[in-house]
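Here's the structure, in structure tokens; my notes come after.
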Amino acid sequence: MNGTADIRTGFSPADILLPRDCDLERWSVIACDQYTSDSGYWKRVDQFVGDAPSTLRLVLPERFLDSGKVDHYIQEINVNMRSYLAEDLFEQLPDSLIYVERVLSGGKIRRGLVGRIDLECYDYGEDAVSLVRATEETVLSRIPPRVTVRRNAALELPHVMLLIDDRDQTVLEPLHLQKQGMETLYDFSLMEKGGHISGYRLTEEQIRQVSGALAALADPEAYRQRYGLEGEQPVMLFAVGDGNHSLATAKACYEEKKKTVPQEQWASLPCRYALVEVVNLHDRGLEFQPIHRVCFEVEPSALLGALLKEFPGAGLGGGDAGQSFRYLYRHHEGAVTVPNPPSRLAVGTLQGFLDRYLEAHGGRIDYIHGEEEARRLGSGDNCMAFLLPALDKRELFPAVIRGGVLPCKTFSMGTANDKRFYLECRRLIRG
């Protein structure tokens, strides 16, 4: 796209690519950071896709990051991207925004808007004051492998979801009543109980409508009143709900590229922008779920004993005098309550301890979406699961604005199969 992003919001239409003449159910696969401990899921997807064109061939599921074949996978991804472009697989929708309605596995509808964000407006630092901010701590060690994937990629496929705090439902909700006047771009069921998804292309008038509504949310005075702030305050319009490490990777690649070209060319760099989906925090279809912790290759009773010893006054059983979280291993299940916790959230208290314990005693940790899966994994030999409470989504913006980023993997926007599926693409190379 040749235009520049709206300086008031950092968000704008994009030149979006959609596949043509292919089976969209096989094309569209779930975000790469899901089912990281479930090899069966990805085997089923691979068998279902077969030789059909698919985003599965354009992404690296994190399940395979420790396979020893990462370089080979990345090379294959780059080849597949260029092959799909050379085969003229895509239809380009210039200067477009796509309104998305996702019927989730439980029947609720989540609305979204696909466009591009200006990475100059994004900062994932703990004390960021940018329009677009991370909500959770960014693990810097997770960025370099992703940079290796993106650096030479011809395409980007978004699973980044940005949240807006649109209490009066001025941006996305009006589009639901206007979709009959839009061009329908896709309408199909997603694989592996992913629900159903429909996409509609906004008209020029609707693009202006959305731009004005977002700008009103970003108005400094309205922002101060919304959160009860005093004095001049930098506006946070977008909070990263999903895909923060992917967005941080895009930012790192852009900063890397900036060093090689004159400043007057920065605005025209394709890598300056990232394709995202914007979702209203107050959407009725958006539910926050906890992300549970499962420790592998540990002695559960020793880990539990160390946890109780770590925090003075900590004891077994739930209660109101502190933070509580549940645990289970083998045939044991219970709760731990920590009085005078070091973090304002239970996830922060637990995560700090687990990081220290695993570094000292060995073992590994995985972050699991869904209590059933966490229970299954935690009941295995030398395993232990910690089940965490959900974050009230209404607390998200005030918490980040006043206290900075939350601990890593604090919340999940829905269950695993309700995560964003790859579908739309955007060029990262000119042509």
>> In the structure I gave you, are the side-chain heavy atoms of Phe325 and Val338 within less than 4.5 Å of one another anywhere?
In response: yes
>> For Asp355, give me all partners under side chain to side chain donor-acceptor pair (under 3.5 Å), at least two apart in sequence or on another chain.
In response: Gln351
> When you look at Leu131 and Thr9, which way does the side chain to side chain contact (heavy atoms under 4.5 Å, CB included) test go after all the steps?
Replying inline: CA-CA 7 Å; Leu131 273 170; Thr9 67; 5.6 Å; no
>> Between Phe188 and Leu423, is the side chain to side chain contact (heavy atoms under 4.5 Å, CB included) condition met? List the steps.
In response: CA-CA 11 Å; Phe188 65 99; Leu423 177 52; 4.1 Å; yes
> After noting the C-alpha distance and the side-chain angles of Tyr186 and Glu424, does the key distance pass the side-chain hydrogen bond (donor to acceptor under 3.5 Å, both in side chains) rule?
Replying inline: CA-CA 11 Å; Tyr186 49 79; Glu424 305 86 358; 2.5 Å; yes
>> Could you go through Glu255 and Leu119, starting from their C-alpha distance and side-chain angles, then the distance that decides it, and tell me whether this counts as side chain to side chain contact (heavy atoms under 4.5 Å, CB included)?
In response: CA-CA 9 Å; Glu255 294 296 332; Leu119 293 171; over 6 Å; no
>> Which heavy atom of Arg26 sits nearest to which heavy atom of Phe48, and what is that distance?
In response: NE-O, 2.8 Å
> Going from CG on Asn382 to CD on Glu299, what distance comes out if it is rounded to the nearest 0.5 angstrom?
Replying inline: 6.5 Å
> By salt bridge (Lys or Arg N to Asp or Glu O under 4.0 Å), which residues pair with Glu395, not counting sequence neighbours?
Replying inline: none
> Does Asp165 have any salt bridge (Lys or Arg N to Asp or Glu O under 4.0 Å) partners at least two apart in sequence or in another chain, and if so, which?
Replying inline: Arg167
> Taking C-beta and beyond as the side chain, do Leu396 and Leu406 meet within less than 4.5 Å on heavy atoms?
Replying inline: yes
> Could you walk me through whether Ile291 and Leu388 pass the side chain to side chain contact (heavy atoms under 4.5 Å, CB included) check?
Replying inline: CA-CA 7 Å; Ile291 301 180; Leu388 288 156; over 6 Å; no
>> Rounded at 0.5 Å granularity, tell me how far CZ in Arg330 sits from OG in Ser379.
In response: 11.0 Å
> Any donor and acceptor pair, going by atom type alone, linking the side chain of Trp266 with main-chain N or O of Val261 inside 3.5 Å?
Replying inline: yes
> Got a second to check how far Arg150's CZ is from Leu155's CG, nearest 0.5 Å?
Replying inline: 10.5 Å
>> I need the Asn152 CG to Cys253 SG distance, nearest 0.5 Å.
In response: 9.0 Å
> Strictly by modelled atom types, are Asn244 and Thr138 linked by a side-chain donor-acceptor pair under 3.5 Å?
Replying inline: yes
> Tell me, which pairs form a ring pair (Phe, Tyr, Trp, His ring centres under 6.0 Å) where one or both residues lie in residues 348-376, sequence neighbours left out?
Replying inline: Phe353-Tyr357, Tyr357-His361
>> Quick test of your reading: applying ring pair (Phe, Tyr, Trp, His ring centres under 6.0 Å), list the pairs with at least one residue in residues 220-250, sequence neighbours left out, ordered by first then second residue.
In response: Tyr223-Tyr227
>> Could you tell me if Ser324 and Thr337 have a donor-acceptor pair between their side chains, going purely by distance under 3.5 Å?
In response: yes
>> Testing the 3.5 Å rule here: is there a donor-acceptor pair between the side chains of Tyr99 and Arg111?
In response: yes
> Which pair of heavy atoms, one from Arg426 and one from Leu275, lies closest together, and at what distance?
Replying inline: CB-CD2, 4.0 Å
> Which residue pairs pass the salt bridge (charged side-chain N to carboxylate O under 4.0 Å, His left out) test with at least one member in residues 377-392, sequence neighbours excluded?
Replying inline: Asp392-Arg394
>> Could you check whether any side-chain heavy atom of Val279 comes within less than 4.5 Å of a side-chain heavy atom of Arg420, counting everything from C-beta outward?
In response: no
> Side-chain contact, heavy-atom cut-off 4.5 Å: Met413 with Leu286?
Replying inline: yes
> Charged N to carboxylate O under 4.0 angstrom, Glu76 versus Lys69?
Replying inline: no
>> I want to check something: taking the side chain as every heavy atom from C-beta on, are Val276 and Tyr122 in contact at a cut-off of under 4.5 Å?
In response: no
> So does Lys257 have more than 12 non-hydrogen atoms from other groups sitting under 6.0 Å from NZ?
Replying inline: no
> Within a reach of under 6.0 Å around CD of Glu256, are more than 12 heavy atoms found that belong to other residues, nucleotides or ligands?
Replying inline: yes
> Can you tell me how far OG of Ser96 sits from CG of Leu185, rounded to the nearest 0.5 angstrom?
Replying inline: 7.5 Å
>> Check this for me, if you would: do Arg224 and Glu221 make a salt bridge, where the nitrogen-to-carboxylate-oxygen distance has to be below 4.0 angstrom?
In response: yes
> Looking at Ala252 and Ile143, what are the two nearest heavy atoms and their distance?
Replying inline: CB-CG2, 4.1 Å
> Pick one: which of Lys409, Lys419, Arg110 meets salt bridge (charged side-chain N to carboxylate O under 4.0 Å, His left out) with Asp242?
Replying inline: Lys419
> Can you check whether Ile365 reaches Val294 side chain to side chain, under 4.5 Å on heavy atoms?
Replying inline: no
>> Once side chain to side chain donor-acceptor pair (under 3.5 Å) is applied, what residue pairs with a partner in residues 47-60 remain, sequence neighbours excluded?
In response: Asp46-Arg57
>> With rounding to the nearest 0.5 angstrom, report the CG to CG distance, Leu24 to Leu190.
In response: 9.5 Å
> Looking only at heavy atoms, what is the nearest atom pair of Leu140 and Pro144, with distance?
Replying inline: O-CD, 3.1 Å
>> Could you work out, with side chain to side chain donor-acceptor pair (under 3.5 Å) as the rule, every residue matching Arg226, not counting sequence neighbours?
In response: none
> How far apart are the closest heavy atoms of Thr349 and Gln323, and which atoms are they?
Replying inline: OG1-OE1, 2.6 Å
>> Are there over 12 heavy-atom neighbours, none belonging to Arg284, within less than 6.0 Å of that residue's CZ?
In response: no
> Which pairs count as ring pair (Phe, Tyr, Trp, His ring centres under 6.0 Å) when at least one residue sits in residues 285-320, sequence neighbours excluded?
Replying inline: Phe288-Phe411
>> Checking salt bridge (charged side-chain N to carboxylate O under 4.0 Å, His left out) between Arg375 and each of Glu373, Glu371, Glu372, which is the one that passes?
In response: Glu371
> Do Ile30 and Val45 have side-chain heavy atoms sitting under 4.5 Å apart?
Replying inline: no
>> Can you tell me if Lys258 has over 12 outside heavy atoms packed within less than 6.0 Å of its NZ?
In response: yes
> Who pairs with Ser130 by side chain to side chain donor-acceptor pair (under 3.5 Å), at least two apart in sequence or on another chain?
Replying inline: none
> Do Ile98 and Tyr200 have side-chain heavy atoms sitting under 4.5 Å apart?
Replying inline: no
>> Suppose we screen for side chain to side chain donor-acceptor pair (under 3.5 Å). Which residues come up paired with Gln75, at least two apart in sequence or across chains?
In response: none
> For residues 127-138, which residue pairs qualify under salt bridge (charged side-chain N to carboxylate O under 4.0 Å, His left out), counting only residues two or more places apart or in two chains?
Replying inline: none
> Where do Phe11 and Val114 come nearest, in terms of heavy atoms and distance?
Replying inline: CZ-C, 4.3 Å
> Between the side chains of Gln169 and His282, is a donor N or O closer than 3.5 angstrom to an acceptor N or O?
Replying inline: no
